[in-house]
2 protein chains.
Amino acid sequence: MASQDKAGMDGMEAIESTQSRGSDLKVASPKTVRYSDFLLRLLALALTLVAVIVLAVAKETKTVHVTVAPNLPPLNIPATAKWQNMSALVYFMVTNAIACAYATLSLVTNRGGKCGMALTLIVLDLVMVALLFSGNGAAGAVGVLGLRGNSHARWNKVCNNFGVYCLRILASIGLSLLGSLVFFLLVVLSVWNLHKKSP
Amino acid sequence: MASQDKAGMDGMEAIESTQSRGSDLKVASPKTVRYSDFLLRLLALALTLVAVIVLAVAKETKTVHVTVAPNLPPLNIPATAKWQNMSALVYFMVTNAIACAYATLSLVTNRGGKCGMALTLIVLDLVMVALLFSGNGAAGAVGVLGLRGNSHARWNKVCNNFGVYCLRILASIGLSLLGSLVFFLLVVLSVWNLHKKSP
């Protein structure tokens, strides 16, 4: 394996130089990497922010027909569906808010492109992947229950009464899922670059 | 930044040599890295396998008192709680089975320590992190619903009747959570090593 003497070269210049690794991989210029990283973080910020906003406005009030007994007429009770009523949706909201705040902070702190920050950012991006995917899983699980119900547990479906509420939650989950995929890509991008830079 | 001429050195020996990076980071020997990686994969395999087994045996049959109407005596109906009845638990089972199968495969394929496999394995480890955390989130969400119920959606708690079933699901979620943390550590370990190896 041939290697180059990089004595006296600046760290960022060294990245730009092609390193012979047998597989002829070319290292992307730091500018391209930083630009992609910036765009992805901006996208993650936008997606998680919109997911939070869409969930926050997911509120619907309707008159629900409740059957108390088979021989009695159903009662009409006004009911409000909101995300605060379901612990899984509260957790989903918290994970997206944390990811959104982190995306904003990382955009600010990563602009200098300091080498020491790189590892911390990769690990924190990874934490966001785990956090967002667990939130998506939790929200998805109650979303399916709201849509279909569960006859075994005798949990009735909710979405037949609260269609708009369910649609907004679905949209929020979709946005959050895209956001988590962006964080996933950020980790892959960082690993890809470290892999190319390694001897 | 001082640098060493590593021409003629073998790739793995080059990793062993200390690279002056200003911060005096010492690169772990490839043996140590491979040993840690092997142990972590073995641990991930064991944890996800036991999580799958514990969930598979989570089945309980009990006589449930169902109140049809307030003026009628409650009916005694035999009911069986099993993971197949809840789509979130089916998803949880599938994610753990995939992670378990992948951990086994990666143990076999990673023994040669081929450089070309490294990036693929990191990305696949990352996929496992995302997959397992979403499964944990889904199972956790229905677990909380089973334990507490939800008065707003009129979903009654299940765990007051099926205590053993709920305990086993809780144990399975705990094991899977540990398994996903091991996959998380595997990604961090790989990133840490790539970071140290990079110039």
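Below, all heavy atoms of this structure are taken into account, side chains as well, without hydrogens, waters or symmetry copies. Here is how names work: the chains are called A, B, and so on, in the same order as the sequence lines, proteins then strands, and each is numbered from 1. Only a predicted model underlies this, so the values are computations on that prediction, with no experimental measurement involved.
By the 4.5 Å heavy-atom criterion applied to side chains, Met128(B) and Ile98(B) are counted as neighbours. Annotation: side chain of Val52(A) is not in contact with side chain of Thr48(A) (no heavy-atom distance under 4.5 Å). Counting only heavy atoms from C-beta outward, the side chains of Val90(A) and Met93(A) never approach each other to under 4.5 Å. Looking at heavy atoms from C-beta onward, Ile169(A) lies in side-chain contact with Ile173(A) at the 4.5 angstrom threshold. Within the 4.5 Å cutoff, the side chain of Ser36(B) has no heavy atoms near those of the Leu39(B) side chain. Put simply, the side chain of Leu189(B) reaches to within 4.5 Å of the side chain of Leu40(B), judged on heavy atoms.
For the side chain to side chain contact (heavy atoms under 4.5 Å, CB included) with Phe183(B), the lone residue among Asp125(B), Leu43(B), Val188(B) that qualifies is Asp125(B).
For Leu145(A), the parts sitting under 4.5 Å from any heavy atom of chain B are the backbone and the side chain alike. Of the two parts of Leu131(B), neither the backbone nor the side chain holds a non-hydrogen atom closer than 4.5 Å to a non-hydrogen atom of chain A. Heavy atoms closer than 4.5 Å to chain A are found in both the backbone and the side chain of Leu126(B).
The candidate with the highest count of non-hydrogen atom pairs below 4.5 Å against chain A, out of Ser134(B), Gly135(B), Ala139(B), is Ser134(B). If you tally non-hydrogen atom pairs under 4.5 Å between each of Ala138(A), Ser190(A), Gly140(A), Ala79(A) and chain B, the highest count goes to Ala138(A). By number of non-hydrogen pairs under 4.5 angstrom with chain B, the leading residue of Ala130(A), Ala141(A), Ala81(A) is Ala130(A). When the candidates Val129(A), Asn136(A), Val127(A) are compared by the number of heavy-atom contacts under 4.5 Å with chain B, Val127(A) comes out ahead.
With hydrogens and angles ignored, the 3.5 Å screen pairs no side-chain donor or acceptor of Ser172(B) with any backbone N or O of Arg168(B).
Contacts between residues 146-165 of chain A and chain B, counted as heavy-atom pairs separated by less than 4.5 Å, involve Gly146(A), Asn150(A), His152(A), Ala153(A), Arg154(A), Trp155(A), Asn156(A), Val158(A).
If you check the side chains of Thr63(A) and Asn76(A), you find no donor sitting under 3.5 Å from an acceptor.
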